[in-house]
Amino acid sequence: MKKKTFSEKVYAFTKQIPRGKVATYGQIARLAGNPCAARAVGMCMKKNPYIPLVPCHRVVGSDGNLTGYSVREGLVTKKAILLAEGVVFRGDKVDLQRSLWTQ
DNA sequence: TGATTGACAGCGT
DNA sequence: CACGCTGCCAATC
């Protein structure tokens, strides 16, 4: 049976995010099959048992606002990583217009 | 098993 | 533009 858990799907999609691009929690939730499970996505990311497998730092808020990543101070690192990846930043937020992951 | 949490999203004020 | 409230989902305690 291919009945994967919601979290498994979330990790799978997040893992597919190309370098230099970012996805929103809502988008991941939507790809996973539940457009309203953005919160659940965030929680699974926090737990993230696939740390080296899932680049959770490529997942941002609906407005491109960086959230979570361990602690507030961690957002600085997250931003640095994304910037290094080639993601376009607009102040303290990601320029979704430029770096939103679109299949 | 039940109740609570949590890295969201959308809308209104 | 900034802030607050509500609704939804899954995982965790």
Side-chain angles (χ1 to χ4, degrees):
Chain A
M1 298 301 252
K2 297 80 187 162
K3 179 61 175 174
K4 283 188 175 182
T5 306
F6 177 79
S7 57
E8 289 292 316
K9 296 181 185 176
V10 172
Y11 299 131
F13 285 111
T14 306
K15 186 175 65 174
Q16 290 173 55
I17 301 177
R19 177 176 169 285
K21 294 280 186 175
V22 297
T24 67
Y25 292 95
Q27 175 133 26
I28 298 293
R30 189 154 114 132
L31 292 171
N34 295 325
C36 296
R39 299 188 89 168
V41 175
M43 183 189 288
C44 292
M45 285 296 167
K46 181 181 170 199
K47 293 294 147 187
N48 204 350
Y50 302 88
I51 296 230
L53 209 72
V54 180
C56 40
H57 59 263
R58 287 186 189 156
V59 186
V60 299
S62 60
D63 285 331
N65 186 8
L66 280 66
T67 43
Y69 202 70
S70 190
V71 285
R72 195 150 176 156
E73 299 299 314
L75 297 180
V76 181
T77 305
K78 185 171 179 177
K79 180 183 174 189
I81 296 171
L82 291 172
L83 208 57
E85 295 272 304
V87 176
V88 182
F89 266 77
R90 190 71 167 75
D92 287 341
K93 297 182 181 182
V94 178
D95 190 344
L96 296 179
Q97 195 125 194
R98 290 280 181 205
S99 304
L100 180 60
W101 179 42
T102 49
Q103 292 181 83

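As the structure is a prediction and not an experimental result, all values here were calculated from the model. Below, chains carry the letters A, B, ... as their sequence lines are ordered, and counting in each starts from 1.
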S.K.: Can you tell which of B:dA7, B:dA9, C:dC9 lies closest to the side chain of A:Asn34?
M.R.: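 Looking only at side-chain atoms, A:Asn34 lies closest to C:dC9.
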
S.K.: For B:dC8, take OP1 and OP2 only and decide whether either is under 4.0 Å from a side-chain N or O of A:Ser62.
M.R.: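 False: A:Ser62 side-chain N/O out of range (4.0 Å or more) of B:dC8 OP1/OP2.
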
S.K.: Distance check, rounded to the nearest 0.5 Å: A:Ile51 atom CD1 versus A:Tyr11 atom OH?
M.R.: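 The CD1 atom of A:Ile51 sits 9.5 Å away from the OH atom of A:Tyr11.
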
S.K.: What's the CZ-P distance between A:Phe6 and B:dC8, to the nearest Å?
M.R.: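 About 13 Å, once rounded to whole Å.
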
S.K.: Whole angstrom is fine here: how far is it from CG in A:Leu66 over to P in B:dC8?
M.R.: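 Interatomic distance, CG of A:Leu66 to P of B:dC8: 12 Å.
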
S.K.: Tell me the interatomic distance from A:Lys46, atom NZ, to C:dC9, atom C1', rounded to whole angstroms.
M.R.: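 After rounding, the reported distance stands at 16 Å.
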
S.K.: Can you check whether A:Asn48 has a side-chain N or O nearer than 4.0 Å to OP1 or OP2 of B:dA7?
M.R.: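 No, A:Asn48 has no side-chain N/O under 4.0 Å of OP1/OP2 on B:dA7.
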
S.K.: Using heavy atoms to find the nearest nucleotide of DNA chain C for A:Cys36 and A:Ser7 separately, return the residue whose nucleotide is more 5′.
M.R.: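 This one resolves to A:Cys36.
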
S.K.: Mind running side-chain contact (heavy atoms from CB on, under 4.5 Å) on A:Val54 and A:Met45 for me, showing each step along the way?
M.R.: CA-CA 9 Å; A:Val54 180; A:Met45 285 296 167; 4.1 Å; yes

S.K.: Checking contacts here: which listed nucleotide (B:dG6, B:dA7, C:dC8) is nearest the side-chain heavy atoms of A:Lys78?
M.R.: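 Selected nucleotide: B:dA7.
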
S.K.: So which one's nearest nucleotide on DNA chain B is more toward 5', A:Gly26 or A:Val41?
M.R.: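 Upstream on the strand: A:Val41.
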
S.K.: Expressed as a whole number of angstroms, how long is the span from A:Met45:CE to C:dA11:P?
M.R.: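 Atom CE in A:Met45 sits about 13 Å away from atom P in C:dA11.
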
S.K.: For A:Leu31 and C:dC9, give me the distance from atom CG to atom C1', rounded to whole Å.
M.R.: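 Nearest whole value for this atom pair: 16 Å.
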
S.K.: Is the backbone N or O of A:Gln97 less than 3.5 Å from a side-chain atom of A:Asp95, with the two atoms forming a donor-acceptor pair by type?
M.R.: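 Yes: the side chain of A:Asp95 pairs with the backbone of A:Gln97.
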
S.K.: Taking atom C1' of B:dC8 as reference, at what distance in whole Å does atom NZ of A:Lys93 sit?
M.R.: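 Distance check: A:Lys93 NZ to B:dC8 C1' gives 14 Å.
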
S.K.: Send over the distance from A:Asp92 CG to C:dC1 P, rounded to a whole Å.
M.R.: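 It is 15 Å, rounded to the nearest whole Å.
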
S.K.: Kindly indicate whether the side chain of A:Tyr25 and the base of B:dA7 share any N or O donor-acceptor pair separated by less than 3.5 Å?
M.R.: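 Counting by modelled atom types and ignoring angles, a donor-acceptor contact under 3.5 Å is found here.
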
S.K.: Among C:dA10, B:dA9, B:dA7, which is the nearest nucleotide to the side chain of A:Tyr69?
M.R.: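 Among the listed nucleotides, the one closest to the side chain of A:Tyr69 is B:dA7.
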
S.K.: Report the relative orientation of the aromatic rings in A:His57 and A:Tyr69; use parallel for angles under 30°, tilted for 30 to 60°, perpendicular for over 60°.
M.R.: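 Geometry flag for A:Tyr69 against A:His57: perpendicular rings.
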
S.K.: Can you figure out which of B:dC8, B:dA7, B:dG6 approaches the side chain of A:Ala38 most closely?
M.R.: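 Between B:dC8, B:dA7, B:dG6, the one nearest the side chain of A:Ala38 would be B:dC8.
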
S.K.: For A:Ala40, answer base if it contacts any base atom (sugar-phosphate contacts may also be present), sugar-phosphate if it contacts only those atoms, and nothing otherwise; contact means non-hydrogen atoms under 4.0 Å.
M.R.: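 Base contact.
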
S.K.: Taking CG in A:Asp92 as the centre, count heavy atoms belonging to other residues, nucleotides or ligands within less than 6.0 Å. Is the count above 12?
M.R.: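 Open.
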
S.K.: Starting at atom CZ of A:Arg39, determine the distance to atom P of C:dC8, rounded to an integer number of angstrom.
M.R.: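 Checked: the CZ to P distance equals 12 Å.
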
